[in-house]
There are 2 protein chains.
Amino acid sequence: MPASPRPADVKLTGLIGTLRCCQLFSGLSAEDLAVIAGFTVMQKLAKDDYLFHEGEPARGCYLVQSGAVNVHRVSAAGKEQVIHVFRSGESFAEAALATPTGYPANARAVEPSTVLILPKAPLLDLIGHRPDLALRMLGSMSGHLRVLVGMLDDLTLKDVETRLLNWLVKHSHAARGGAIQLPGTKRVLAAELGTSSETLSRTLGRLRDQRLISVSGKKITIHNLAAVQAMLRRNLGEN
Amino acid sequence: MPASPRPADVKLTGLIGTLRCCQLFSGLSAEDLAVIAGFTVMQKLAKDDYLFHEGEPARGCYLVQSGAVNVHRVSAAGKEQVIHVFRSGESFAEAALATPTGYPANARAVEPSTVLILPKAPLLDLIGHRPDLALRMLGSMSGHLRVLVGMLDDLTLKDVETRLLNWLVKHSHAARGGAIQLPGTKRVLAAELGTSSETLSRTLGRLRDQRLISVSGKKITIHNLAAVQAMLRRNLGEN
DNA sequence: CGGGTTGCTTGACACAGGTCAAGGCCCGAC
DNA sequence: GTCGGGCCTTGACCTGTGTCAAGCAACCCG
(Lines give C-alpha, C1' and ligand atoms only; values in the text may rest on other atoms or scores of the structure.)
Protein backbone atom coordinates (compact mmCIF):
# COMPACT_ATOMS: atom_id res chain seq x y z
CA MET A 1 0.00 0.00 0.00
CA PRO A 2 1.38 3.40 -0.90
CA ALA A 3 -0.97 5.00 1.63
CA SER A 4 0.59 6.45 4.74
CA PRO A 5 1.15 3.92 7.54
CA ARG A 6 -0.55 4.23 10.91
CA PRO A 7 0.86 6.84 13.30
CA ALA A 8 2.35 4.20 15.60
CA ASP A 9 4.27 2.68 12.69
CA VAL A 10 5.53 6.06 11.64
CA LYS A 11 6.79 6.63 15.12
CA LEU A 12 8.39 3.20 15.19
CA THR A 13 10.18 3.50 11.86
CA GLY A 14 11.31 6.95 12.89
CA LEU A 15 12.71 5.51 16.08
CA ILE A 16 14.46 2.73 14.22
CA GLY A 17 15.98 5.35 11.95
CA THR A 18 17.40 7.24 14.89
CA LEU A 19 18.67 4.06 16.47
CA ARG A 20 20.40 3.03 13.28
CA CYS A 21 22.10 6.42 13.02
CA CYS A 22 23.66 6.18 16.42
CA GLN A 23 27.06 4.60 16.58
CA LEU A 24 26.05 2.14 19.25
CA PHE A 25 23.55 0.31 17.07
CA SER A 26 24.70 1.23 13.59
CA GLY A 27 25.28 -2.26 12.19
CA LEU A 28 22.48 -4.18 13.89
CA SER A 29 19.89 -6.22 12.04
CA ALA A 30 16.43 -4.79 11.39
CA GLU A 31 14.86 -7.28 13.79
CA ASP A 32 17.15 -6.37 16.64
CA LEU A 33 16.53 -2.69 16.00
CA ALA A 34 12.79 -3.35 16.09
CA VAL A 35 13.16 -5.14 19.42
CA ILE A 36 15.09 -2.23 20.84
CA ALA A 37 12.67 0.32 19.45
CA GLY A 38 9.92 -1.71 21.12
CA PHE A 39 11.08 -0.89 24.60
CA THR A 40 12.62 2.52 23.94
CA VAL A 41 10.97 5.43 25.70
CA MET A 42 11.16 8.94 24.31
CA GLN A 43 11.47 11.91 26.62
CA LYS A 44 11.40 15.61 25.81
CA LEU A 45 13.41 18.02 27.90
CA ALA A 46 13.11 21.77 28.14
CA LYS A 47 16.28 23.80 28.55
CA ASP A 48 17.73 23.26 32.04
CA ASP A 49 15.54 20.25 32.76
CA TYR A 50 17.37 17.52 34.61
CA LEU A 51 17.37 14.05 33.11
CA PHE A 52 18.80 12.50 36.26
CA HIS A 53 20.77 13.40 39.34
CA GLU A 54 23.82 11.89 40.93
CA GLY A 55 22.99 8.96 43.17
CA GLU A 56 19.58 8.20 41.72
CA PRO A 57 19.02 4.53 40.86
CA ALA A 58 19.69 3.96 37.19
CA ARG A 59 16.74 3.59 34.85
CA GLY A 60 18.85 2.64 31.88
CA CYS A 61 21.07 4.27 29.34
CA TYR A 62 20.38 7.18 27.08
CA LEU A 63 20.70 8.31 23.51
CA VAL A 64 20.42 11.93 22.42
CA GLN A 65 18.04 12.33 19.50
CA SER A 66 18.22 16.11 19.33
CA GLY A 67 19.58 18.92 21.42
CA ALA A 68 22.43 18.62 23.88
CA VAL A 69 22.83 17.13 27.33
CA ASN A 70 25.44 18.29 29.83
CA VAL A 71 26.73 15.49 32.06
CA HIS A 72 28.45 16.96 35.09
CA ARG A 73 29.29 16.60 38.75
CA VAL A 74 28.91 19.16 41.47
CA SER A 75 31.19 19.57 44.45
CA ALA A 76 29.96 19.95 48.00
CA ALA A 77 30.33 23.71 47.52
CA GLY A 78 28.05 23.66 44.50
CA LYS A 79 30.71 24.12 41.84
CA GLU A 80 29.94 22.35 38.62
CA GLN A 81 32.46 20.29 36.66
CA VAL A 82 31.35 19.40 33.15
CA ILE A 83 32.28 15.85 32.18
CA HIS A 84 30.98 16.00 28.66
CA VAL A 85 28.26 17.57 26.56
CA PHE A 86 26.54 14.88 24.53
CA ARG A 87 24.89 15.89 21.28
CA SER A 88 22.61 14.19 18.82
CA GLY A 89 23.51 10.58 18.03
CA GLU A 90 25.62 10.06 21.12
CA SER A 91 24.83 7.65 23.91
CA PHE A 92 25.74 7.85 27.56
CA ALA A 93 25.22 6.29 30.98
CA GLU A 94 26.03 2.82 29.69
CA ALA A 95 28.00 2.44 32.88
CA ALA A 96 24.77 2.56 34.84
CA LEU A 97 23.57 -0.65 33.19
CA ALA A 98 26.09 -2.99 34.63
CA THR A 99 26.36 -1.80 38.20
CA PRO A 100 23.74 -1.70 40.91
CA THR A 101 24.94 1.69 42.18
CA GLY A 102 23.17 4.82 41.09
CA TYR A 103 24.26 7.35 38.51
CA PRO A 104 27.70 8.79 39.24
CA ALA A 105 26.84 12.22 37.79
CA ASN A 106 24.06 14.60 36.83
CA ALA A 107 22.57 15.19 33.40
CA ARG A 108 20.82 18.37 32.35
CA ALA A 109 19.63 19.63 28.96
CA VAL A 110 21.53 22.73 27.87
CA GLU A 111 18.88 23.40 25.23
CA PRO A 112 15.50 21.90 24.38
CA SER A 113 16.24 18.25 23.65
CA THR A 114 14.71 14.86 23.12
CA VAL A 115 16.40 11.75 24.43
CA LEU A 116 15.64 8.08 24.05
CA ILE A 117 15.70 6.01 27.20
CA LEU A 118 16.74 2.40 26.89
CA PRO A 119 15.48 0.76 30.06
CA LYS A 120 17.94 -1.40 31.91
CA ALA A 121 16.12 -4.73 32.17
CA PRO A 122 15.11 -5.42 28.55
CA LEU A 123 18.38 -4.07 27.22
CA LEU A 124 20.41 -6.34 29.51
CA ASP A 125 18.17 -9.16 28.45
CA LEU A 126 18.87 -8.49 24.80
CA ILE A 127 22.59 -8.20 25.46
CA GLY A 128 22.39 -11.70 26.96
CA HIS A 129 21.13 -13.03 23.64
CA ARG A 130 23.27 -10.91 21.32
CA PRO A 131 26.93 -11.15 22.25
CA ASP A 132 27.89 -8.76 19.46
CA LEU A 133 25.71 -6.11 21.07
CA ALA A 134 27.67 -6.63 24.26
CA LEU A 135 30.86 -6.01 22.35
CA ARG A 136 29.42 -2.80 20.97
CA MET A 137 28.57 -1.64 24.43
CA LEU A 138 32.11 -2.47 25.50
CA GLY A 139 33.38 -0.47 22.56
CA SER A 140 31.19 2.48 23.37
CA MET A 141 32.26 2.46 26.99
CA SER A 142 35.89 2.26 26.07
CA GLY A 143 35.27 5.31 23.90
CA HIS A 144 33.96 7.13 26.94
CA LEU A 145 37.01 6.00 28.88
CA ARG A 146 39.18 7.54 26.23
CA VAL A 147 37.22 10.78 26.38
CA LEU A 148 37.70 10.90 30.12
CA VAL A 149 41.40 10.16 29.79
CA GLY A 150 41.56 12.96 27.27
CA MET A 151 39.82 15.29 29.71
CA LEU A 152 42.34 14.29 32.33
CA ASP A 153 45.29 15.47 30.39
CA ASP A 154 43.34 18.48 29.21
CA LEU A 155 42.92 19.49 32.80
CA THR A 156 46.39 18.68 34.02
CA LEU A 157 48.74 19.10 31.13
CA LYS A 158 47.34 22.13 29.35
CA ASP A 159 46.49 25.71 30.19
CA VAL A 160 43.28 27.48 29.26
CA GLU A 161 44.69 29.01 26.09
CA THR A 162 45.71 25.60 24.80
CA ARG A 163 42.34 24.09 25.64
CA LEU A 164 40.61 26.92 23.81
CA LEU A 165 42.83 26.53 20.75
CA ASN A 166 42.08 22.84 20.78
CA TRP A 167 38.37 23.54 20.95
CA LEU A 168 38.60 26.00 18.07
CA VAL A 169 40.43 23.53 15.87
CA LYS A 170 37.99 20.76 16.70
CA HIS A 171 35.04 22.96 15.86
CA SER A 172 36.52 24.70 12.84
CA HIS A 173 35.08 22.04 10.53
CA ALA A 174 31.59 23.11 11.62
CA ALA A 175 32.38 26.68 10.63
CA ARG A 176 30.14 28.28 8.03
CA GLY A 177 32.25 30.74 6.10
CA GLY A 178 35.01 30.53 8.69
CA ALA A 179 32.65 31.53 11.49
CA ILE A 180 31.78 29.25 14.37
CA GLN A 181 28.38 29.84 15.89
CA LEU A 182 28.49 29.31 19.66
CA PRO A 183 25.96 26.69 20.75
CA GLY A 184 25.14 28.49 23.99
CA THR A 185 26.31 31.42 26.05
CA LYS A 186 29.99 32.09 26.57
CA ARG A 187 29.62 31.08 30.17
CA VAL A 188 28.60 27.59 29.00
CA LEU A 189 31.64 27.37 26.77
CA ALA A 190 33.79 28.47 29.68
CA ALA A 191 32.34 25.66 31.81
CA GLU A 192 32.94 23.16 29.02
CA LEU A 193 36.57 24.26 28.95
CA GLY A 194 36.76 24.02 32.72
CA THR A 195 37.34 27.71 33.42
CA SER A 196 35.46 30.88 34.33
CA SER A 197 33.80 33.26 31.92
CA GLU A 198 36.24 36.01 32.87
CA THR A 199 39.28 33.96 31.95
CA LEU A 200 37.66 32.84 28.73
CA SER A 201 36.96 36.46 27.87
CA ARG A 202 40.56 37.43 28.50
CA THR A 203 41.90 34.52 26.48
CA LEU A 204 39.65 35.27 23.53
CA GLY A 205 40.79 38.88 23.78
CA ARG A 206 44.42 37.85 23.63
CA LEU A 207 43.85 35.73 20.51
CA ARG A 208 41.95 38.60 18.97
CA ASP A 209 44.85 40.98 19.66
CA GLN A 210 47.09 38.57 17.79
CA ARG A 211 44.69 38.77 14.81
CA LEU A 212 44.12 35.02 14.92
CA ILE A 213 40.37 35.28 15.39
CA SER A 214 37.67 37.86 15.71
CA VAL A 215 34.69 37.66 18.01
CA SER A 216 31.34 39.30 17.63
CA GLY A 217 28.50 38.18 19.83
CA LYS A 218 28.05 34.42 19.55
CA LYS A 219 30.15 34.21 16.39
CA ILE A 220 33.86 33.40 16.38
CA THR A 221 35.68 33.80 13.10
CA ILE A 222 39.00 32.04 12.58
CA HIS A 223 41.19 34.15 10.32
CA ASN A 224 44.04 31.77 9.92
CA LEU A 225 43.37 28.17 10.81
CA ALA A 226 46.94 27.09 10.06
CA ALA A 227 48.30 29.69 12.49
CA VAL A 228 45.87 28.53 15.17
CA GLN A 229 46.95 24.94 14.67
CA ALA A 230 50.61 25.96 14.77
CA MET A 231 50.07 27.82 18.02
CA LEU A 232 48.26 24.80 19.46
CA ARG A 233 51.13 22.52 18.56
CA ARG A 234 53.64 24.92 20.01
CA ASN A 235 51.71 25.14 23.28
CA LEU A 236 51.48 21.36 23.46
CA GLY A 237 55.21 21.11 23.04
CA GLU A 238 55.99 23.39 25.95
CA ASN A 239 53.43 23.06 28.72
CA MET B 1 46.18 -39.72 44.45
CA PRO B 2 47.54 -37.71 47.31
CA ALA B 3 50.86 -37.35 45.51
CA SER B 4 51.72 -33.94 44.15
CA PRO B 5 50.29 -33.24 40.69
CA ARG B 6 52.49 -32.52 37.72
CA PRO B 7 54.11 -29.06 37.59
CA ALA B 8 51.87 -27.93 34.74
CA ASP B 9 48.80 -28.77 36.79
CA VAL B 10 50.18 -26.97 39.78
CA LYS B 11 50.71 -23.95 37.64
CA LEU B 12 47.22 -24.24 36.17
CA THR B 13 45.42 -24.59 39.48
CA GLY B 14 47.47 -21.70 40.81
CA LEU B 15 46.40 -19.62 37.87
CA ILE B 16 42.78 -20.56 38.36
CA GLY B 17 43.11 -19.54 41.98
CA THR B 18 44.38 -16.11 41.01
CA LEU B 19 41.69 -15.72 38.40
CA ARG B 20 38.99 -16.63 40.86
CA CYS B 21 40.29 -14.06 43.34
CA CYS B 22 40.05 -11.22 40.92
CA GLN B 23 36.79 -9.38 40.87
CA LEU B 24 36.37 -9.74 37.15
CA PHE B 25 36.05 -13.51 37.24
CA SER B 26 35.04 -14.14 40.84
CA GLY B 27 31.78 -16.00 40.24
CA LEU B 28 32.64 -17.95 37.11
CA SER B 29 32.28 -21.71 36.79
CA ALA B 30 35.34 -23.93 37.16
CA GLU B 31 35.17 -24.86 33.47
CA ASP B 32 35.15 -21.29 32.29
CA LEU B 33 38.03 -20.49 34.58
CA ALA B 34 39.95 -23.44 33.16
CA VAL B 35 39.32 -22.17 29.62
CA ILE B 36 40.58 -18.74 30.57
CA ALA B 37 43.58 -20.14 32.39
CA GLY B 38 44.31 -22.10 29.24
CA PHE B 39 45.11 -19.04 27.19
CA THR B 40 46.43 -16.81 29.95
CA VAL B 41 50.05 -15.76 29.65
CA MET B 42 52.10 -14.85 32.69
CA GLN B 43 54.68 -12.10 32.50
CA LYS B 44 57.17 -10.97 35.11
CA LEU B 45 58.22 -7.34 35.27
CA ALA B 46 61.16 -5.77 37.02
CA LYS B 47 60.74 -2.37 38.62
CA ASP B 48 60.36 0.30 35.92
CA ASP B 49 59.77 -2.21 33.13
CA TYR B 50 57.13 -1.07 30.69
CA LEU B 51 54.21 -3.39 30.05
CA PHE B 52 53.03 -1.36 27.10
CA HIS B 53 53.26 2.12 25.63
CA GLU B 54 50.66 4.52 24.38
CA GLY B 55 49.65 3.84 20.80
CA GLU B 56 50.89 0.26 20.64
CA PRO B 57 48.36 -2.20 19.22
CA ALA B 58 46.55 -3.95 22.04
CA ARG B 59 47.53 -7.49 22.91
CA GLY B 60 44.69 -7.96 25.34
CA CYS B 61 43.78 -7.02 28.84
CA TYR B 62 45.73 -7.45 32.02
CA LEU B 63 45.37 -8.66 35.57
CA VAL B 64 47.87 -7.86 38.31
CA GLN B 65 48.90 -10.98 40.22
CA SER B 66 51.47 -9.29 42.42
CA GLY B 67 53.21 -5.96 42.62
CA ALA B 68 51.83 -2.71 41.26
CA VAL B 69 51.42 -1.22 37.80
CA ASN B 70 51.27 2.51 37.12
CA VAL B 71 49.02 3.43 34.20
CA HIS B 72 49.79 6.94 33.02
CA ARG B 73 50.00 9.35 30.14
CA VAL B 74 52.81 11.64 29.22
CA SER B 75 52.45 15.06 27.66
CA ALA B 76 54.45 16.22 24.69
CA ALA B 77 56.81 17.90 27.17
CA GLY B 78 57.42 14.60 28.97
CA LYS B 79 55.35 15.31 32.06
CA GLU B 80 53.69 12.26 33.49
CA GLN B 81 50.07 12.13 34.64
CA VAL B 82 49.18 9.06 36.67
CA ILE B 83 45.77 7.67 35.79
CA HIS B 84 45.77 4.89 38.35
CA VAL B 85 48.06 2.49 40.12
CA PHE B 86 46.68 -1.02 39.86
CA ARG B 87 47.59 -3.52 42.54
CA SER B 88 47.16 -7.24 42.98
CA GLY B 89 43.76 -8.58 41.96
CA GLU B 90 42.87 -5.63 39.76
CA SER B 91 42.38 -5.77 36.02
CA PHE B 92 42.92 -3.05 33.45
CA ALA B 93 43.04 -2.25 29.74
CA GLU B 94 39.66 -3.88 29.15
CA ALA B 95 39.01 -0.91 26.91
CA ALA B 96 41.67 -2.13 24.54
CA LEU B 97 39.67 -5.30 23.82
CA ALA B 98 36.74 -3.73 22.09
CA THR B 99 38.40 -1.10 19.96
CA PRO B 100 40.87 -1.49 17.12
CA THR B 101 42.88 1.54 18.23
CA GLY B 102 45.99 1.06 20.30
CA TYR B 103 46.43 1.54 24.02
CA PRO B 104 45.50 5.05 25.12
CA ALA B 105 48.11 5.16 27.89
CA ASN B 106 51.36 3.67 29.17
CA ALA B 107 51.81 1.02 31.84
CA ARG B 108 54.95 0.56 33.90
CA ALA B 109 55.69 -1.56 36.96
CA VAL B 110 56.44 0.58 40.00
CA GLU B 111 57.89 -2.46 41.77
CA PRO B 112 58.74 -6.02 40.73
CA SER B 113 55.43 -7.45 39.57
CA THR B 114 53.82 -10.34 37.77
CA VAL B 115 50.85 -9.77 35.52
CA LEU B 116 48.57 -12.13 33.66
CA ILE B 117 47.89 -11.29 30.04
CA LEU B 118 44.51 -12.28 28.65
CA PRO B 119 44.99 -12.22 24.89
CA LYS B 120 42.35 -10.37 22.93
CA ALA B 121 41.16 -13.00 20.46
CA PRO B 122 40.35 -15.97 22.71
CA LEU B 123 38.88 -13.72 25.38
CA LEU B 124 36.58 -12.01 22.90
CA ASP B 125 35.64 -15.44 21.62
CA LEU B 126 34.72 -16.58 25.11
CA ILE B 127 32.73 -13.41 25.73
CA GLY B 128 30.76 -14.26 22.61
CA HIS B 129 29.68 -17.54 24.22
CA ARG B 130 29.23 -16.29 27.77
CA PRO B 131 27.01 -13.24 27.91
CA ASP B 132 27.37 -13.02 31.68
CA LEU B 133 31.10 -12.59 31.22
CA ALA B 134 30.34 -9.68 28.90
CA LEU B 135 28.25 -8.12 31.63
CA ARG B 136 31.11 -8.53 34.06
CA MET B 137 33.44 -6.78 31.69
CA LEU B 138 30.88 -4.01 31.34
CA GLY B 139 30.72 -3.78 35.11
CA SER B 140 34.47 -3.66 35.44
CA MET B 141 34.76 -0.96 32.83
CA SER B 142 32.04 1.09 34.42
CA GLY B 143 34.06 0.82 37.63
CA HIS B 144 37.02 2.29 35.81
CA LEU B 145 34.79 5.04 34.45
CA ARG B 146 33.82 5.88 38.00
CA VAL B 147 37.43 5.95 39.08
CA LEU B 148 38.22 8.37 36.29
CA VAL B 149 35.24 10.53 37.14
CA GLY B 150 36.48 10.53 40.72
CA MET B 151 39.93 11.58 39.55
CA LEU B 152 38.33 14.38 37.56
CA ASP B 153 36.77 16.00 40.54
CA ASP B 154 39.84 15.28 42.59
CA LEU B 155 41.82 17.34 40.16
CA THR B 156 39.37 20.15 39.65
CA LEU B 157 37.38 20.54 42.81
CA LYS B 158 40.01 19.92 45.47
CA ASP B 159 43.38 21.27 46.46
CA VAL B 160 46.38 19.14 47.32
CA GLU B 161 45.70 19.18 51.05
CA THR B 162 42.20 17.83 50.50
CA ARG B 163 43.44 15.16 48.12
CA LEU B 164 46.03 14.08 50.67
CA LEU B 165 43.47 13.96 53.48
CA ASN B 166 41.24 11.88 51.26
CA TRP B 167 44.10 9.51 50.52
CA LEU B 168 44.90 9.20 54.22
CA VAL B 169 41.32 8.37 55.12
CA LYS B 170 41.07 5.83 52.30
CA HIS B 171 44.26 4.12 53.41
CA SER B 172 43.72 4.35 57.15
CA HIS B 173 42.01 0.95 57.17
CA ALA B 174 45.26 -0.60 55.97
CA ALA B 175 47.09 0.95 58.91
CA ARG B 176 48.88 -1.41 61.26
CA GLY B 177 48.78 0.14 64.68
CA GLY B 178 47.65 3.45 63.23
CA ALA B 179 50.64 3.61 60.92
CA ILE B 180 50.38 3.53 57.14
CA GLN B 181 53.36 2.06 55.36
CA LEU B 182 54.03 3.90 52.11
CA PRO B 183 54.03 1.50 49.16
CA GLY B 184 56.80 3.34 47.35
CA THR B 185 58.80 6.53 47.61
CA LYS B 186 57.16 9.82 48.49
CA ARG B 187 57.71 11.02 44.97
CA VAL B 188 55.48 8.17 43.75
CA LEU B 189 52.77 9.16 46.19
CA ALA B 190 53.08 12.75 45.03
CA ALA B 191 52.59 11.64 41.44
CA GLU B 192 49.59 9.56 42.45
CA LEU B 193 48.10 12.67 44.04
CA GLY B 194 48.90 14.69 40.95
CA THR B 195 51.44 17.01 42.56
CA SER B 196 55.17 17.42 43.08
CA SER B 197 57.22 15.91 45.88
CA GLU B 198 57.99 19.39 47.22
CA THR B 199 54.35 20.32 47.63
CA LEU B 200 53.60 16.95 49.19
CA SER B 201 56.40 17.48 51.64
CA ARG B 202 55.05 20.90 52.61
CA THR B 203 51.52 19.61 52.99
CA LEU B 204 52.61 16.70 55.16
CA GLY B 205 54.60 19.16 57.21
CA ARG B 206 51.56 21.35 57.74
CA LEU B 207 49.46 18.41 58.91
CA ARG B 208 52.28 17.37 61.21
CA ASP B 209 52.44 20.87 62.72
CA GLN B 210 48.74 20.55 63.49
CA ARG B 211 49.49 17.28 65.34
CA LEU B 212 47.13 15.37 63.06
CA ILE B 213 49.76 12.96 61.86
CA SER B 214 53.41 12.17 62.28
CA VAL B 215 55.78 11.11 59.58
CA SER B 216 58.94 9.09 59.89
CA GLY B 217 60.53 7.68 56.78
CA LYS B 218 57.99 5.64 54.86
CA LYS B 219 55.60 5.45 57.83
CA ILE B 220 52.72 7.86 58.34
CA THR B 221 50.91 7.66 61.66
CA ILE B 222 47.44 9.10 61.98
CA HIS B 223 46.97 10.41 65.51
CA ASN B 224 43.35 11.34 65.28
CA LEU B 225 41.39 9.81 62.45
CA ALA B 226 38.21 11.61 63.42
CA ALA B 227 39.96 14.98 63.24
CA VAL B 228 41.40 14.11 59.83
CA GLN B 229 37.96 13.15 58.57
CA ALA B 230 36.50 16.35 60.01
CA MET B 231 39.13 18.42 58.27
CA LEU B 232 38.47 16.58 55.01
CA ARG B 233 34.76 17.29 55.27
CA ARG B 234 35.41 20.92 56.06
CA ASN B 235 37.71 21.30 53.05
CA LEU B 236 35.14 19.64 50.81
CA GLY B 237 32.54 22.07 52.04
CA GLU B 238 34.55 25.13 51.12
CA ASN B 239 36.71 24.46 48.10
C1' DC C 1 86.51 5.85 56.53
C1' DG C 2 85.24 9.50 52.83
C1' DG C 3 82.65 10.44 48.64
C1' DG C 4 78.80 9.81 45.82
C1' DT C 5 74.12 9.05 45.10
C1' DT C 6 69.40 9.41 46.21
C1' DG C 7 65.56 11.15 48.53
C1' DC C 8 63.53 14.58 51.60
C1' DT C 9 62.87 19.19 53.30
C1' DT C 10 62.77 24.15 53.15
C1' DG C 11 63.07 28.77 51.22
C1' DA C 12 62.47 32.17 47.54
C1' DC C 13 60.13 33.28 43.55
C1' DA C 14 57.00 33.43 39.43
C1' DC C 15 52.80 32.82 37.27
C1' DA C 16 48.22 31.07 35.85
C1' DG C 17 43.97 31.63 36.89
C1' DG C 18 40.03 32.32 40.23
C1' DT C 19 37.31 35.96 42.53
C1' DC C 20 35.44 40.48 43.40
C1' DA C 21 33.92 44.67 41.68
C1' DA C 22 32.76 48.17 38.39
C1' DG C 23 31.43 49.62 33.98
C1' DG C 24 29.45 48.91 29.25
C1' DC C 25 26.40 46.88 25.94
C1' DC C 26 22.26 44.92 24.31
C1' DC C 27 17.51 43.78 24.47
C1' DG C 28 12.99 43.10 26.03
C1' DA C 29 9.19 45.03 28.95
C1' DC C 30 6.51 48.59 30.02
C1' DG D 1 11.43 56.33 24.85
C1' DT D 2 13.79 54.53 29.33
C1' DC D 3 14.20 51.36 32.83
C1' DG D 4 16.08 46.98 34.39
C1' DG D 5 18.47 42.80 33.98
C1' DG D 6 21.49 39.66 31.69
C1' DC D 7 25.80 39.03 29.64
C1' DC D 8 30.32 40.36 28.54
C1' DT D 9 34.57 42.78 29.41
C1' DT D 10 38.30 44.78 32.03
C1' DG D 11 40.98 45.91 36.04
C1' DA D 12 42.87 44.83 40.62
C1' DC D 13 44.05 41.52 43.71
C1' DC D 14 45.11 37.01 46.01
C1' DT D 15 46.19 32.37 46.46
C1' DG D 16 47.81 27.75 45.34
C1' DT D 17 51.20 25.40 43.31
C1' DG D 18 55.13 24.48 40.21
C1' DT D 19 60.03 25.37 39.80
C1' DC D 20 64.72 26.34 40.97
C1' DA D 21 68.14 25.95 44.28
C1' DA D 22 70.44 24.89 48.42
C1' DG D 23 71.02 22.20 52.56
C1' DC D 24 70.54 17.84 55.01
C1' DA D 25 70.09 12.92 56.18
C1' DA D 26 70.58 8.15 54.93
C1' DC D 27 72.69 4.77 52.58
C1' DC D 28 75.82 2.14 49.58
C1' DC D 29 80.32 0.94 48.03
C1' DG D 30 85.01 0.84 47.22
Side-chain angles (χ1 to χ4, degrees), chain A residues 47-48 74-75 77-82 110-111 153-167 181-209 213-220 231 234-236 238-239, chain B residues 47-48 74-75 77-82 110-111 153-167 181-209 213-220 231 234-236 238-239:
Chain A
K47 176 169 152 57
D48 292 336
V74 325
S75 74
K79 224 176 101 172
E80 184 173 314
Q81 168 63 42
V82 179
V110 296
E111 52 187 83
D153 39 58
D154 269 15
L155 286 171
T156 56
L157 306 174
K158 296 174 197 160
D159 58 15
V160 172
E161 180 176 286
T162 313
R163 277 177 265 159
L164 174 58
L165 288 170
N166 189 35
W167 188 94
Q181 192 70 24
L182 282 194
T185 141
K186 289 207 179 121
R187 178 163 251 104
V188 172
L189 174 57
E192 208 170 326
L193 293 174
T195 185
S196 66
S197 62
E198 291 97 323
T199 302
L200 173 61
S201 182
R202 281 183 240 279
T203 313
L204 281 171
R206 220 176 316 130
L207 295 184
R208 196 191 38 213
D209 292 348
I213 62 174
S214 59
V215 184
S216 97
K218 289 198 185 313
K219 224 173 49 193
I220 302 180
M231 187 165 176
R234 185 154 38 80
N235 278 6
L236 284 176
E238 301 165 0
N239 281 29
Chain B
K47 175 169 151 60
D48 293 335
V74 326
S75 74
K79 225 176 99 173
E80 185 173 315
Q81 169 62 42
V82 179
V110 296
E111 51 188 84
D153 40 58
D154 270 15
L155 286 171
T156 56
L157 306 175
K158 297 173 197 160
D159 58 13
V160 172
E161 181 176 284
T162 312
R163 277 178 266 160
L164 175 58
L165 288 170
N166 188 36
W167 188 92
Q181 192 70 25
L182 282 194
T185 139
K186 289 206 178 120
R187 178 163 252 105
V188 172
L189 174 57
E192 210 170 325
L193 294 174
T195 185
S196 66
S197 64
E198 291 98 322
T199 302
L200 173 62
S201 183
R202 281 183 240 279
T203 313
L204 281 171
R206 221 176 316 129
L207 296 184
R208 195 192 37 210
D209 292 348
I213 62 174
S214 59
V215 185
S216 97
K218 290 197 184 315
K219 225 174 48 192
I220 301 179
M231 186 164 177
R234 185 152 39 80
N235 278 9
L236 284 175
E238 300 165 1
N239 280 33

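Each chain gets a letter, A, B and so on, in the order its sequence line appears, and its residues count up from 1. Since we're looking at a predicted model, the values are computed, not measured.
- When rounded to the nearest whole Å, the span between CZ of Arg206(A) and P of dG11(D) equals 13 Å.
- Side chain of Thr199(B), nearest nucleotide from dT9(D), dA12(D), dG18(D): dG18(D).
- Residue Ser197(A) places its side chain closer to dT9(D) than to any other of dG17(C), dT17(D), dT9(D).
- Side-chain atoms of Arg202(B) stay outside donor-acceptor range of the base of dG16(D), with no qualifying N/O pair under 3.5 Å.
- Rounding to whole angstrom units, CG of residue Leu189(B) and P of dT9(C) are separated by 11 Å.
- When all heavy atoms of Val215(B) and Lys186(B) are compared, the closest pair comes out as CG1-NZ, 3.6 Å.
- No side-chain heavy atom of Thr195(B) sits less than 4.5 Å from a side-chain heavy atom of Thr203(B).
- Counting any heavy atom pair closer than 4.0 Å across all strands shown, Arg187(B) reaches sugar-phosphate atoms only and no base atom.
- Of the candidates dT9(C), dG17(C), dG18(D), the closest approach to any side-chain atom of Thr195(B) belongs to dG18(D).
- Rounded to whole Å, atom P of dT9(D) lies 10 Å from atom NZ of Lys218(A).
- In this structure, the CD1 atom of Ile220(A) is 10 Å from the P atom of dT9(D), given to the nearest Å.
- For the atom pair Leu204(B) CG and Ser214(B) OG, the distance stands at 11.0 Å (nearest 0.5 Å).
- Looking at Arg202(A) and Val160(A), their side chains never come closer than 4.5 Å, going by heavy atoms from C-beta outward.
- Taking atom NZ on Lys186(A) and atom C1' on dC26(C), their separation rounds to 13 Å, with Å as the unit.
- Put simply, CZ on Arg208(A) is 9 Å from C1' on dT9(D), counting in whole angstrom units.
- Rounded to an integer number of Å, the gap from Glu198(B) CD to dT17(D) C1' is 10 Å.
- Here Gly194(B) lies in heavy-atom contact (under 4.0 Å) with sugar-phosphate atoms only.
- With a 4.5 Å cut-off on side-chain heavy atoms, Val110(A) and Glu192(A) do not count as touching.
- Here the P atom of nucleotide dG16(D) and the CZ atom of Arg163(B) are 13 Å apart, to the nearest Å.
- The side chain of Thr185(B) sits closest to dC8(C) out of dC8(C), dC20(C), dT19(D).
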